[in-house]
Amino acid sequence: MKKTTTRKTSPKRAASSSGIQAFVHASFVYTGEGIVEKEGRMLVPSDLSEIEDGAVVFDARKILWVGPTAELPKEFRSMKKTDLKNKSAVMPGLIDAHTHLVFAGSRAHEFARRCAGTTYKEIADEGGGILNTVKATREASVEALFEVALKRALIAYRHGVRTLECKSGYGLDHKTELKCLQVVKDLQEALPQMTFVSTYLGAHAIPVGVKKPQYIDEIIHKTLPEVKKKNLATFCDVFIDEGYFTYAEGERILRAAKKLGLGVKIHADELTETDSARLAAKLEASSADHLLKISDKGIQALAKSNTVAMMLPGTAFYLKANYAPARKLLDAGARVGIATDFNPGSCYSLNLPLMMNLSALYLSMNSAEIFAGVTYSAAASLGLQDRKGALLAGFDSDFVVLPYDRFEEMYYRMGW
Ligand code: NIG
Ligand code: FE
């Protein structure tokens with residue numbers, strides 16, 4: 001299991017100069033180097049590339065050196081050190097690459113009805129579900145939305161999450177969609193210790209009182225160009241499903257987004273099979289998310305592509321649906337990520353380690369696959385794989401010190 005390859009930079013700055021420090025005697029430093037080398041495909045546990053009794057040297061921006069504590073280079077010996085006494089492991093900061101963080105209101109009453117037997121679709125067809133949250137979100141001030149989103153981001157932080165993708169999609173009109181994306185921008189300013197990535201998901205549902213073609217025109221001709229102009233999102237996402245957007249509508253919206261220079265994502269094959277996983281591969285989407293109903297052809301298409309297949313096992317659990325065929329995707333050679341899908345209807349949880357636990361139990365993923373799911377592959381789904389998701393010299397100083405001596409302890413615990 002142990003791999004002691006070290007990557008070194010030649011540090012030009014003297015160790016005594018400001019800002020350089022180290023964590024030493026980590027029980028294990030999980031670099032994920034093997035995962036990076038294999039670009040997240042066909043992983044075995046040794047790809048965790050752990051270094052026993054390891055050290056990490058870093059400054060405020062970048063990791064400078066990683067290796068066994070005993071081999072700490074001379075130039076770093078005099079710097080400020082924190083001794084982890086071989087009790088704590090160190091790993092890259094977790095990345096939750098699929099959340100619907102910004103919304104107002106509560107759907108606790110709908111949850112109770114669902115538990116009593118009413119289906120998610122029945123509630124949505126009555127005008128509840130997403131549209132219920134839309135009403136509350138339109139009524140909320142930007143300050144109120146910011147306050148609630150900030151609390152949620154801090155909950156994610158306490159679970160080890162350092163990079164958080166946040167989708168809009170509970171405004172469903174020009175003004176409210178921009179308001180929600182602005183909240184994400186404000187979060188980035190308020191919490192520089194985290195990295196926020198915004199996704200415009202105007203095509204999340206069809207707003208009440210608006211005809212679908214008219215709404216799609218608004219998305220393509222009004223909101224998307226404004227989102228781009230104001231630099232309010234990196235990605236555009238579409239919910240392609242029965243009762244939401246069709247394959248053709250999704251393709252039109254996403255091609256318009258790509259033309260503007262945005263990356264694209266799809267809520268794909270979640271409630272019904274719509275061939276949208278294949279569309280994701282065709283459009284070179286950064287990720288295809290959900291995939292509970294993905295076809296074998298969809299699996300093959302994703303495996304051949306760079307599109308990350310994003311598993312959201314908390315959603316299957318919360319909807320009491322069948323889990324996505326993660327093993328088939330992994331065995332076919334796809335890159336697979338794991339995220340919470342935090343949202344008010346189908347997964348009200350910000351606990352990414354819990355999703356890792358579900359991935360071990362119900363998606364039969366091995367330790368390196370789970371690790372990659374919340375580090376390298378999640379970073380790849382956000383276009384950040386060159387600086388986040390691995391603990392290597394040159395990467396961002398973005399890592400977490402676990403209160404456990406081994407990574408596996410993190411997902412062995414359930415919902416802690
Ligand atoms: O990711 N799939 C679509 N959207 C959300 C659910 C949204 C809601 O119920 O509010 C999801 O599961
Ligand atoms: Fe989602």
Side-chain angles (χ1 to χ4, degrees), residues 96-115 118-138 148 152 164-172 176-177 180 197-208 235-246 250 264-274 276-277 280 285-294 308-324 337-350 352 355 378 381-382:
D96 190 347
H98 182 138
T99 82
H100 303 251
L101 197 81
V102 186
F103 61 84
S106 164
R107 305 236 298 270
H109 54 293
E110 286 183 2
F111 179 67
R113 285 186 61 208
R114 266 210 308 116
C115 294
T118 314
T119 67
Y120 182 83
K121 187 165 185 310
E122 281 163 355
I123 292 171
D125 289 346
E126 286 168 15
I130 294 176
L131 297 178
N132 195 341
T133 304
V134 167
K135 195 166 172 289
T137 305
R138 286 183 182 173
V148 75
R152 291 171 188 156
L164 197 56
E165 187 261 10
C166 307
K167 300 177 196 296
S168 67
Y170 289 110
L172 306 187
T176 319
E177 287 293 311
C180 293
V197 179
S198 313
T199 299
Y200 168 55
L201 176 60
H204 192 196
I206 298 98
V208 179
F235 294 97
C236 177
D237 194 343
V238 176
F239 185 18
I240 298 180
D241 221 311
E242 227 169 67
Y244 296 87
F245 294 85
T246 65
V264 299
K265 298 178 168 291
I266 302 180
H267 273 67
D269 299 330
E270 180 186 357
L271 308 172
T272 51
E273 201 271 301
T274 55
S276 40
S286 309
S287 66
D289 304 48
H290 284 289
L291 307 174
L292 304 185
K293 299 280 166 56
I294 188 173
V308 174
M310 193 60 70
M311 301 291 99
L312 308 166
T315 308
F317 178 79
Y318 210 72
L319 292 177
K320 299 201 265 186
N322 289 329
Y323 289 88
I338 301 168
T340 60
D341 190 27
F342 170 73
N343 76 74
S346 63
C347 190
Y348 199 48
S349 172
L350 281 160
L352 192 54
M355 307 310 156
S381 80
L382 301 177

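From a predicted model like this one, the values you see are computed outputs, not experimental measurements. If you read the sequence from its start, that first residue is 1, and numbering goes on from there. One-based numbering, in listed order, for ligands and for the atoms of each.
Atom 2 (N) of ligand 1 has Glu270 OE1, 2.6 Å as its closest protein atom, hydrogens excluded (heavy atom only). Nearest protein heavy-atom contact of atom 5 (C) of ligand 1 is His204 NE2, 3.7 Å. The protein heavy atom nearest to atom 12 (O) of ligand 1 is Ser346 OG, 2.6 Å. Nearest protein neighbour of atom 7 (C) of ligand 1, counting heavy atoms only, is Tyr170 OH, 3.1 Å. For atom 9 (O) of ligand 1, the closest non-hydrogen atom of the protein is Tyr120 OH, 2.4 Å. Protein heavy atom at the shortest distance from atom 11 (C) of ligand 1 is Asp341 OD2, 3.3 Å.
Counting just the N/O/S atoms of His100, the one with the shortest distance to the Fe ion (ligand 2) is named NE2.
The local environment of CD in Glu126 is crowded, with over 12 non-hydrogen atoms from other residues, nucleotides or ligands closer than 6.0 Å. Counting non-hydrogen atoms of other residues, nucleotides and ligands closer than 6.0 Å to OH of Tyr120 gives a total above 12.
Heavy-atom minimum distance, Arg138 versus Gly171: NE-O, 2.8 Å. Between Leu292 and Ala316, the shortest heavy-atom contact is CD2-CB, 4.2 Å. The nearest pair of heavy atoms linking Tyr244 to His204 is CD2-O, 3.3 Å. Scanning all heavy atoms of the two residues, the minimum distance from Glu110 to Gly129 falls at OE2-N, 2.8 Å. The shortest heavy-atom contact between Leu201 and Ser168 is N-OG, 3.0 Å. Contact detail for Met355 and Ser349: the closest heavy-atom pair is CE-OG, 3.5 Å.
Heavy-atom contacts of Ile130 reach the following atoms of ligand 1: 7 (C), 8 (C), 9 (O), 10 (O) (cutoff under 4.0 Å). With ligand atoms numbered from 1 in the order given, ligand 1 contributes 1 (O), 2 (N), 11 (C), 12 (O) to contacts under 4.0 Å with heavy atoms of His290. Atoms of ligand 1 lying under 4.0 Å from any heavy atom of Asn343, numbered from 1 in the order shown and given with element: 5 (C), 6 (C), 7 (C), 8 (C), 9 (O), 10 (O), 11 (C), 12 (O). If you number the atoms of ligand 1 from 1 as listed, the ones under 4.0 Å from a heavy atom of His267 come out as 1 (O), 2 (N), 3 (C).
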Could you go step by step and tell me if Tyr200 and Phe235 meet the ring-ring contact (aromatic ring centres under 6.0 Å, His included) rule? CA-CA 6 Å; Tyr200 168 55; Phe235 294 97; over 10 Å; no

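For the Fe ion (ligand 2), the N/O/S atoms of Asp341 include one lying under 2.8 Å. At least one N, O or S atom of His267 sits under 2.8 Å from the Fe ion (ligand 2).
For ligand 1, the polar-atom distance check against His100 finds a nitrogen or oxygen pair separated by under 3.5 Å. Some N or O of Arg107 is nearer than 3.5 Å to an N or O of ligand 1, by distance alone.
When only modelled atom types and interatomic distance are considered, Asp289 and His267 share no side-chain donor-acceptor pair under 3.5 Å.
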